[in-house]
Amino acid sequence: MKILAITNQKGGVGKTTTCVNLAASLASFGSRVLLVDLDPQGNATTGSGIDKAQMKHTIYHVLIGDKTIAEVTQKTDKGNFDVLPANRDLAGAEVELVNEIGRETKLKIALADIKGQYDYVLLDCPPALNLVTVNALTAAHSVMIPMQCEYYALEGLSDLVNTIKKVRTHLNPTLEIEGLLRTMFDNRNMLAQQVSAQLVSHFGDKVYKTMVPRNIRLAEAPSYGMPALIYDRASKGAQSYLELAKEIIERQKVTQ
Ligand code: ATP
Ligand code: MG
């Protein structure tokens, strides 16, 4: 079981789009996948076709210790993976956990219950380096960083890399950066090409070969509550996430 935190404190870089579409793509290759929504916005929940307003129990109840993961997990009928949903309740966890002993390890401990039941657990982080994100980084084996190739992207990356280093020192010594994913990529844009080249020179083969292009189908699919793979399999967006899933599966074979 590989636990991947999909994180970037910058908002709107494609974390949730990556989680939902990667979950569906990995599942289409036969992997057992759990998508954990760790954002009170609940976008990964809705994007997987689950009505977050109807949820009595969510990841919030898991983090505060009221429910187990198995009790809260839902099956999507849109892509053959499981979802641990979130809604606005999760915003309260930040405050409620702050004085608790072991507040950073709540998710890690909860995930120990489902050990071996999935091949991949994808953690969709909120756009913040908050306690929930620290829980994700503490529980994860590695981190995937989706980013847009813009000028400020590299600046934000150094804050994230510093947080990862701190988590490694204090909470999770084996945490690795799995890879950097270029999202909403536009090859005709000179700046995007330059930033992309800088990324590769700095991070080498940590940068996934797969680039996710800007593709309207990826933006439309969530409003139908489905991954792009189901909404429009032939679209460039859906195809790029299938490619990414293959790259991840191949990489894992090499390291095993
Ligand atoms: P947040 O930080 O708010 O959680 P996020 O990092 O999860 O945001 P997304 O919600 O995945 O980012 O994407 C932001 C917006 O960009 C959404 O409207 C999404 O549909 C759109 N989007 C994401 N990836 C692509 C893409 N490759 N092509 C076109 N639109 C995209
Ligand atoms: Mg998101």
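Predicted, not measured: the structure shown is a model, and the values here were computed from it. All ligand and atom numbering here is 1-based and tracks the order in the structure.
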Only residue of N43, T45, D37, N21 satisfying side chain to side chain contact (heavy atoms under 4.5 Å, CB included) with T16 is N43
Of G237, A221, A219, A44, the residue with the heavy atom nearest atom 20 (O) of ligand 1 is A219
Looking only at non-hydrogen atoms, the one of Q41, K10, K15 nearest atom 6 (O) of ligand 1 is K15
I need the atoms of ligand 1 closer than 4.0 Å to a non-hydrogen atom of [X], numbered in the order shown.
| X | result |
| --- | --- |
| G11 | 2 (O) |
| V13 | 5 (P), 6 (O), 12 (O) |
| N215 | 26 (C), 28 (N), 29 (C) |
| D39 | 4 (O) |
| V212 | 27 (N) |
| L218 | 26 (C), 27 (N) |

Kindly confirm or rule out an N or O of [X] lying under 3.5 angstrom from an N or O of ligand 1.
| X | answer |
| --- | --- |
| G14 | yes |
| T16 | yes |
| P213 | yes |
| I216 | no |
| P222 | no |
| R214 | no |

Taking the basic N atoms (NZ, or NE/NH1/NH2) and the acidic carboxylate oxygens, is any pair closer than 4.0 Å for [X] and [Y]?
| X | Y | value |
| --- | --- | --- |
| E176 | R168 | no |
| D186 | R214 | no |
| E100 | R103 | no |

Would you say the Mg ion (ligand 2) has T16 as a near neighbour, meaning an N/O/S atom of that residue under 2.8 Å away? yes
Atom 1 (P) of ligand 1 sits nearest the protein heavy atom G12 N, 3.5 Å
Closest to atom 11 (O) of ligand 1 among protein heavy atoms sits T17 OG1, 2.5 Å
Would you confirm whether any non-hydrogen atom of the protein falls under 4.0 Å from [atom]?
| atom | value |
| --- | --- |
| atom 18 (O) of ligand 1 | no |
| atom 26 (C) of ligand 1 | yes |
| atom 15 (C) of ligand 1 | no |

Within 6.0 Å of NZ in K206, more than 12 heavy atoms from elsewhere = yes
Task: More than 12 heavy atoms from other groups under 6.0 Å of NZ on K75 - done: yes
Counting heavy atoms under 4.0 Å, the part of N8 that contacts ligand 1 is neither
Is there a side-chain contact between [X] and [Y], using heavy atoms and a 4.5 Å cut-off?
| X | Y | value |
| --- | --- | --- |
| D124 | L38 | no |
| L111 | K115 | no |
| H170 | K165 | no |
| L34 | L122 | no |

| said: Quick one about E243 and Y208 (side-chain donor to acceptor, distance below 3.5 Å, no hydrogens or angles considered), yes or no? | reply: no
_Taking I230 as the starting point, is it possible to reach I50 by hopping between hydrophobic residues whose side chains are less than 4.5 Å apart?_
no
Looking only at heavy atoms, the pair that brings L107 and A136 closest together is CD2-CA, 4.0 Å
